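Read through the structure below, which is laid out as structure tokens, and then see the notes.
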Amino acid sequence: MTDQRTIDPSTLPKHFDAPAAEQRWDETWQERGLYHYDPSRPREETFVVDTPPPTVSGSLHVGHVFSYTHTDLVVRYQRMTGKNIFYPMGWDDNGLPTERRVQNYYHIRCDPSLPYEEGLTFEAASAKVRKKRPRLVSRPNFVEACQQLTREDEKAFLALWRRLGVSVDWRQEYATIDDHCREIAQRSFLDLHQKGMLYNSDAPTLWDVDFQTAVAQAELEDRELDSTFNDVAFGVEGSDEEFVISTTRPELLPACVGVACHPEDERYAHLVGKRAVTPLFRVPVPIFTSDLVEKDKGTGILMICTFGDQTDVIWWREQKLALRQIIGLKGRLLPVSYGTEGWESLNADAANEAYAALEGLRPVQAREKVLELLGEASAAATGSEVPLRAQKKIKHAVKFFEKGDRPLELVPTRQWFCRLLDRKQDLLNKGDEIKWHPDFMGHRYRVWTENLGLDWCISRQRYFGVSFPVWYALNGEGQPNYDEPLLAGVDTLPVDPTVTPPAGYEESQRGQPNGFMAETDVFDTWFTSSMTPQISSHWQMNGERHKALFPADIRPQSHEIIRTWAFYTIAKAMAHEDVVPWKHVLISGWILDPDRKKMSKSKGNVIVPTELLDKYTSDGVRYWTANARLGVDTAFDEKMLSMGKRLVTKLFNASKFVLAQEGPVKPITNELDRGFCHELLAVVKEATASYEEFEFSPALRATESFFWARFTDSYLELIKARARNEEDPEGRGSAIAALRLGLQVLLRLFAPVLPYITEEVWSWIFAEETGQASIHGAAWPSETDFAAVEAPADPGGFGIAVSALTAINRAKTSAGVGVGRGIVTMVLHARQADHDRLAPVLGDVLAAGRVQAHTLQANEELAEGEFELSDVEIAPKPPKPPKPAKG
RNA sequence: GGGCGCGUAACUCAGUUGGUUAGAGUGCCACCUUCACACGGUGGAAGUCACAGGUUCGAGUCCUGUCGCGCCCACCA
């Protein structure tokens with residue numbers, strides 16, 4: 001019989017040195033390849049994560065820490081259950097935010113007409129350089145600049161993830177602009193095109209005048225704006241009659257192409273079929289009815305302009321109205337000429353004169369000008385002709401690009417679309433096949449899908465993105481044939497059509513009659529990021545790997561991108577292979593500031609993650625995030641972070657105590673020890689069930705409350721004496737064995753949340769003892785750990801002991817002494833049944849309470865499990881032990 | 001306008017399928033140098049479970065309505 005291996009606490013630091021441990025263990029884990037995916041193991045044993053690729057051009061914020069830790073908690077649990085983990089990391093670097101940042105940082109602009117310049121380098125622009133005009137560079141050069149800067153940004157993210165202990169397999173790293181991702185995205189395009197799901201068309205499209213690009217429905221955002229209903233009088237052709245419409249966009253008056261009222265509106269019924277005449281521009285336009293008109297909004301009759309809103313587009317199409325586009329791609333009023341075809345007017349000269357004052361203005365400026373003109377006309381007129389009648393202030397929702405600063409306009413442009421509207425029901429069905437956590441988040445997906453109004457506009461007029469693998473043949477006049485685009489061959493991907501000519505053409509034919517031209521648009525960034533599961537699985541490129549990694553097990557993400565990232569990923573997986581891309585979606589909530597407002601840079605309430613880690617350590621921060629349930633927003637609360645740090649310290653100290661107890665190796669036979677193990681097993685089961693549902697928070701709660709209340713505060717106190725009692729080797733060995741089992745199991749229960757402290761303690765003795773070098777490679781606790789421990793005779797025996805000890809502590813506290821003080825004598829009252837239950841563990845209770853003599857007394861009036869003391873004689877304070885001589 | 005979520009102690013939050021006296025941590029009060037830990041321990045006070053009805057032997061939990069907060073969605077006249 002050998003003694004247990006122990007540690008010498010005096011060789012350990014007084015406090016856990018978290019920063020040193022974080023660095024040391026992270027390096028060790030990377031070196032050992034602890035997080036590596038093993039492609040040789042079958043799919044059933046594999047747990048695949050579709051990690052969100054963070055936008056690297058954005059700064060790090062506490063929300064990143066929050067949601068990525070949530071994923072890591074789930075992953076670390078799964079790893080401990082023996083799963084082969086596939087946990088990649090991508091960087092989402094293509095897209096507008098990156099472009100904006102690169103333009104500012106290097107002070108450059110992209111001019112796609114320029115040729116590529118070999119060996120062009122970029123440096124951060126000085127203040128002096130910034131005063132000059134930005135340097136114009138070719139698209140490939142601009143893309144290089146973007147790649148250069150994003151690589152820098154990625155380093156900061158990587159450092160944060162490493163320190164946070166996010167257990168990613170860094171060999172599975174990708175960037176959404178790298179060749180691999182570009183190839184996957186272009187393959188996706190070709191596959192969808194081949195399946196007839198793509199089309200390009202020249203039609204009114206939501207257009208951001210600042211970014212100068214089309215945007216998709218999913219990127220819209222409503223913003224409440226102050227506006228004004230302006231009452232404007234319209235004439236009726238061939239009559240003196242007038243009617244009044246209310247408009248918030250008088251600047252579109254020159255683009256008016258129709259007037260509509262509700263079919264059951266008697267006020268205007270006599271006008272239907274006649275033509276209205278617009279004020280100022282004297283344009284005759286048809287008056288028709290539509291159910292879409294609300295009788296009690298404004299004056300109940302309205303003007304249709306090309307284009308004020310999406311309803312205008314509907315009417316314009318249905319009624320085959322004229323196209324009078326006055327707002328250009330740059331958001332200014334275009335030059336137009338009344339009296340020409342499509343720009344009919346009863347008085348072209350007056351119309352052109354009025355419009356001359358508007359040309360070149362922005363919509364807001366033009367609005368004022370039109371009102372001014374209407375006012376002048378009103379003043380000049382006599383009698384009944386009062387074009388501008390009244391104004392009414394209102395607030396209304398206006399559509400913005402979510403990243404934009406000015407309202408979107410509807411401008412006819414040629415764009416590529418992916419069909420969605422004809423597949424709504426299939427999309428809804430696919431959504432139902434996925435398990436959403438929490439499940440009400442699936443509702444968001446459903447609502448969004450049901451309300452889809454537009455096909456997905458996948459083309460963007462930007463530069464730093466994935467190119468369309470598309471050219472257009474030019475005819476003899478140099479006009480492109482958009483109906484039969486020239487597509488790249490799959491074996492030529494990834495391809496940049498602005499650099500490479502299509503098959504069958506020479507580069508010299510670019511832009512020439514009978515030659516070709518490249519599609520210069522790039523994909524919507526979601527077109528690429530909607531392929532993250534396939535990017536990881538090497539779809540179409542490695543069939544075996546794809547089979548092993550697709551569909552994924554989990555997709556963690558936040559709720560504001562359900563309509564984009566989750567939606568498009570589902571749409572793509574369905575279109576390509578008619579499957580769902582993952583089994584589960586895990587939605588993390590947001591971090592709110594202490595006032596429960598969303599944190600944002602503009603509010604200045606953003607918390608820098610690295611500062612948080614410095615102050616509260618990685619484990620402390622992870623503890624805080626682990627306390628939030630999925631889908632629930634969390635107010636930032638420094639106290640929770642302190643609690644995490646406190647837990648780490650307690651674990652460190654309790655571990656020191658447990659592993660310093662010397663004694664013989666013996667089986668766990670003592671009734672109290674068995675009772676303790678029995679309760680711990682229940683916690684193991686609870687935590688396991690919770691993690692199986694991806695709910696880390698209840699698991700942590702159960703583990704933590706057991707650790708504090710049952711392990712450190714109670715069990716450790718109850719067995720202290722026995723663990724050192726040399727006259728009772730069986731009891732002593734049982735106590736030490738149970739202590740170690742308890743600690744070992746608790747460490748593993750804590751391991752997903754607190755990877756550093758648990759690994760540190762594990763390394764002292766357990767690593768060698770179990771043959772498992774890392775706790776993160778150890779098995780998740782289960783019944784197996786307790787197989788050698790017999791069930792206690794009384795399952796509640798441990799609880800009884802704790803109650804009795806609490807009664808003793810209460811007596812000491814009310815006597816004003818510490819719990820360390822002895823009791824000379826006391827009478828312990830309880831129901832007879834409870835005395836009987838207490839008997840097997842009474843020795844430990846009396847020792848922990850330092851009770852020298854006692855009498856038991858039955859008292860059936862007490863509640864079940866309740867203990868009371870009377871006739872307590874507190875021991876006198878022991879004399880201070882002599883101070884050890886110095887030196 | 002429609003929908004989803006939330007409202008429990010001063011604060012942050014738990015509370016399984018309805019079931020004894022509603023819990024935890026923080027904070028607060030009192031006490032304790034204690035031999036793993038003062039980054040500690042012991043004990044205590046503190047709640048009209050937003051409000052109003054209803055179902056039930058029994059409601060924080062189920063139903064209806066109201067109020068408040070947050071979010072999502074909706075054709076901007």
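Bear in mind the structure is a predicted one, so any value in this text is a computation, not a measurement. Just so it is clear: chains get the letters A, B, ... in the order the sequence lines come, proteins before strands, and each one is counted from 1.
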In whole angstrom, give me the gap between the [atom1] atoms of [N] and [M].
N: B:G47; M: B:A24; atom1: C1'; value: 14 Å
N: B:C62; M: B:G25; atom1: P; value: 27 Å
N: B:G41; M: B:A36; atom1: C1'; value: 12 Å
N: B:G7; M: B:U12; atom1: P; value: 12 Å
N: B:U61; M: B:U16; atom1: C1'; value: 10 Å
N: B:C51; M: B:C69; atom1: C1'; value: 15 Å
N: B:G15; M: B:C6; atom1: P; value: 10 Å
N: B:A46; M: B:U26; atom1: C1'; value: 14 Å

Tell me whether the side-chain N/O atoms of [X] come closer than 4.0 Å to OP1 or OP2 in [N].
X: A:K720; N: B:U34; result: no
X: A:Q217; N: B:A74; result: yes
X: A:K650; N: B:A38; result: no
X: A:R563; N: B:C73; result: yes
X: A:K297; N: B:C75; result: no

Legend entry - All pairs passing salt bridge (Lys or Arg N to Asp or Glu O under 4.0 Å) where residues 247-265 of chain A contributes a residue, at least two apart: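 Checked against salt bridge (Lys or Arg N to Asp or Glu O under 4.0 Å) - neighbours excluded - the pairs reaching residues 247-265 of chain A are A:R249-A:E251, A:R249-A:E409, A:E251-A:R367, A:D265-A:R267.
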Just the rounded figure in Å: distance from [atom2] of [N] to [atom1] of [X].
X: A:K656; N: B:G40; atom1: NZ; atom2: P; value: 14 Å
X: A:E866; N: B:U20; atom1: CD; atom2: P; value: 18 Å
X: A:E402; N: B:C72; atom1: CD; atom2: P; value: 11 Å
X: A:E686; N: B:A14; atom1: CD; atom2: P; value: 15 Å
X: A:H559; N: B:G70; atom1: NE2; atom2: P; value: 14 Å
X: A:L743; N: B:C37; atom1: CG; atom2: C1'; value: 14 Å

Legend entry - Six-ring centre of A:W708, A:R646 cation under 6.0 angstrom, axis tolerance 45°: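 Yes.
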Between [options], which nucleotide has the shortest distance from any of its atoms to the side chain of [X]?
X: A:D222; options: B:A74, B:C75, B:G44; answer: B:A74
X: A:K399; options: B:A36, B:C73, B:C76; answer: B:C76
X: A:T311; options: B:G41, B:A74, B:C75; answer: B:C75
X: A:V398; options: B:C39, B:U42, B:C76; answer: B:C76
X: A:W590; options: B:A14, B:G41, B:C71; answer: B:C71

Got a second to check how far [X]'s [atom1] is from [Y]'s [atom2], nearest 0.5 Å?
X: A:E868; Y: A:E861; atom1: CD; atom2: CD; value: 10.5 Å
X: A:F707; Y: A:L746; atom1: CZ; atom2: CG; value: 7.0 Å
X: A:K645; Y: A:I757; atom1: NZ; atom2: CD1; value: 12.5 Å
X: A:F676; Y: A:R710; atom1: CZ; atom2: CZ; value: 10.0 Å

Hey, are the side chains of [X] and [Y] touching, using non-hydrogen atoms and a 4.5 Å cut-off?
X: A:W590; Y: A:H559; result: yes
X: A:E402; Y: A:L220; result: no
X: A:V872; Y: A:I823; result: yes
X: A:C305; Y: A:V257; result: no

Base, sugar-phosphate or nothing for [X]? Non-hydrogen atoms, less than 4.0 Å.
X: A:E704; answer: nothing
X: A:V293; answer: base
X: A:I245; answer: nothing
X: A:T806; answer: sugar-phosphate
X: A:F652; answer: nothing

Inset, instruction - Kindly state whether the pair A:H15 / B:C39 counts as stacked, where counting means centroids closer than 5.5 Å and planes tilted less than 30° apart. - result: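 Stacked: centres under 5.5 Å apart, planes under 30°.
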Legend entry - 5'-most by nearest nucleotide on RNA chain B - A:P698 or A:S814: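 The residue whose closest nucleotide sits nearer the 5' end is A:P698.
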Legend entry - A:R444: partners by salt bridge (Lys or Arg N to Asp or Glu O under 4.0 Å), with sequence neighbours left out: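 Counting only residues at least two positions away or on another chain, A:R444 forms no salt bridge (Lys or Arg N to Asp or Glu O under 4.0 Å).
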Inset, instruction - Look at the aromatic rings of A:F567 and A:W448 and report parallel, tilted or perpendicular, splitting at 30° and 60°. - result: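 Ring orientation of A:F567 relative to A:W448: perpendicular.
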Legend entry - Aromatic plane relationship, A:W316 with A:F307 - under 30° parallel, 30 to 60° tilted, over 60° perpendicular: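 It falls in the perpendicular class, over 60°.
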Legend entry - Intra- and inter-strand pairs of RNA chain B in dot-bracket (Watson-Crick or G-U wobble, both distances under 3.5 Å; | for another strand): (((((((..((((.....[...)))).(((((.......))))).....(((((..]....))))))))))))....
What protein N or O atoms touch nucleotides 3-7 of chain B N or O atoms at under 3.5 angstrom, if any, and at what distances?
| from | atom 1 | to | atom 2 | distance (Å) |
| --- | --- | --- | --- | --- |
| B:G3 | O2' | A:H443 | NE2 | 2.6 |

Inset, instruction - Spell out protein contact along nucleotides 24-32 of chain B as letters: B when the base is contacted, S when just the sugar-phosphate is, - when no protein heavy atom is under 4.0 Å; keep the 5' to 3' order. - result: -SS----SS
In residues 288-296 of chain A, what donor-acceptor pairs under 3.5 Å come from side-chain atoms, sequence neighbours left out?
| from | atom 1 | to | atom 2 | distance (Å) |
| --- | --- | --- | --- | --- |
| A:S290 | OG | A:L292 | N | 3.1 |
| A:S290 | OG | A:W315 | NE1 | 2.8 |

